[in-house]
Amino acid sequence: MEFLDHPIALIIVGILSFPVYKTLAKVFFGENYEDLAETIRFVATADWYSLFKGRFWEDWDATMKFNIFIALCFGWVVAVTEILARYVL
């Protein structure tokens, strides 16, 4: 876990990875980000509220999709920074 020793490289890789985030967002939320607004609405809504409205599984699906998207974005930055820290820096 050498990426922790290079916080500036981590920040730079995070900023320069914007095209990767955009591509992942298109994969997860549609070409024109059609599902993004609904996904954010479900993420902000409490699970018990969705359960009472009868939309629990839609909420669960949207929340899981968003969490996987965020995990992949962070994972990308960490992986690239780790490779740079081990072999370049």
Side-chain angles (χ1 to χ4, degrees):
M1 292 190 23
E2 295 181 21
F3 71 93
L4 294 174
D5 296 334
H6 304 283
I8 294 175
L10 190 68
I11 292 169
I12 291 171
V13 169
I15 292 169
L16 293 178
S17 294
F18 182 75
V20 175
Y21 308 147
K22 192 173 179 180
T23 303
L24 282 172
K26 286 182 180 182
V27 168
F28 276 89
F29 307 116
E31 189 65 31
N32 294 319
Y33 313 110
E34 301 93 22
D35 296 338
L36 184 60
E38 183 180 6
T39 300
I40 291 173
R41 191 180 85 238
F42 277 125
V43 168
T45 303
D47 288 337
W48 60 269
Y49 185 72
S50 294
L51 179 66
F52 287 127
K53 292 193 79 153
R55 300 184 72 178
F56 176 77
W57 291 111
E58 292 175 52
D59 184 337
W60 184 86
D61 183 48
T63 304
M64 187 62 72
K65 185 188 313 184
F66 185 75
N67 289 340
I68 292 171
F69 168 72
I70 294 297
L72 285 174
C73 289
F74 279 119
W76 169 263
V77 173
V78 168
V80 170
T81 307
E82 182 69 22
I83 290 170
L84 289 175
R86 286 187 183 195
Y87 301 110
V88 177
L89 301 176

Practice task
Decide yes or no for Leu72 and Trp76: does some side-chain heavy atom of the first lie under 4.5 Å from some side-chain heavy atom of the second?
Solution key: no
Exercise for the section: Answer whether the closest heavy-atom distance between the side chains of Lys65 and Asp35 falls below 4.5 Å. Expected result: yes
Exercise for the section: Check the surroundings of atom OH in Tyr49: do more than 12 heavy atoms from other residues, nucleotides or ligands lie under 6.0 Å from it? Expected result: no
Problem - Non-hydrogen atoms of Thr45 and Ser50 that approach each other most closely - result: CG2-OG, 3.6 Å
Problem - In one Ile/Leu/Val/Met/Phe/Trp/Tyr side-chain cluster, 4.5 Å: Val13, Ile8 - result: no
Exercise for the section: Evaluate the side-chain proximity of Phe28 to Thr39: yes if any heavy-atom separation is below 4.5 Å, no if none is. Expected result: no
Problem - Plane angle bin for Phe69 and Phe29 - parallel if under 30°, tilted between 30 and 60°, otherwise perpendicular - result: perpendicular
Handout entry: Cluster check Ile15, Tyr21: I/L/V/M/F/W/Y, side chain < 4.5 angstrom
Key = no
Handout entry: Ile70 vs Phe74, side-chain contact (heavy atoms from CB on, under 4.5 Å): CA-CA, chis, key distance, verdict
Key = CA-CA 6 Å; Ile70 294 297; Phe74 279 119; 3.4 Å; yes
Exercise for the section: Say whether Ile12 and Val20 are linked into one hydrophobic cluster, either directly or through other cluster members, by side-chain heavy-atom distances under 4.5 angstrom. Expected result: no
Fill in the blank from the handout: Taking every heavy atom of Phe42 against every heavy atom of Asp59, the minimum-distance pair comes out as O-OD1, 3.3 Å
Handout entry: Interatomic spacing from OG1 in Thr63 to CD1 in Ile68 - rounded to 0.5 Å
Key = 11.0 Å
Practice task
Decide whether Trp57 and Phe52 are clustered together by the hydrophobic rule: side chain heavy atoms of Ile, Leu, Val, Met, Phe, Trp, Tyr closer than 4.5 Å, transitively.
Solution key: no
Problem - Over all atoms of both residues, closest heavy-atom pair of Glu58 and Glu38 - result: OE1-OE2, 4.2 Å
Completion exercise
CG (Asp47) and CH2 (Trp60) are apart, to the nearest 0.5 Å, by 11.0 Å
Exercise for the section: Decide whether Leu24 and Met64 are clustered together by the hydrophobic rule: side chain heavy atoms of Ile, Leu, Val, Met, Phe, Trp, Tyr closer than 4.5 Å, transitively. Expected result: yes
Exercise for the section: Ignoring hydrogens and angles, tell me if any N or O in the side chain of Glu82 forms a donor-acceptor pair with the backbone of Glu2 under 3.5 Å. Expected result: yes
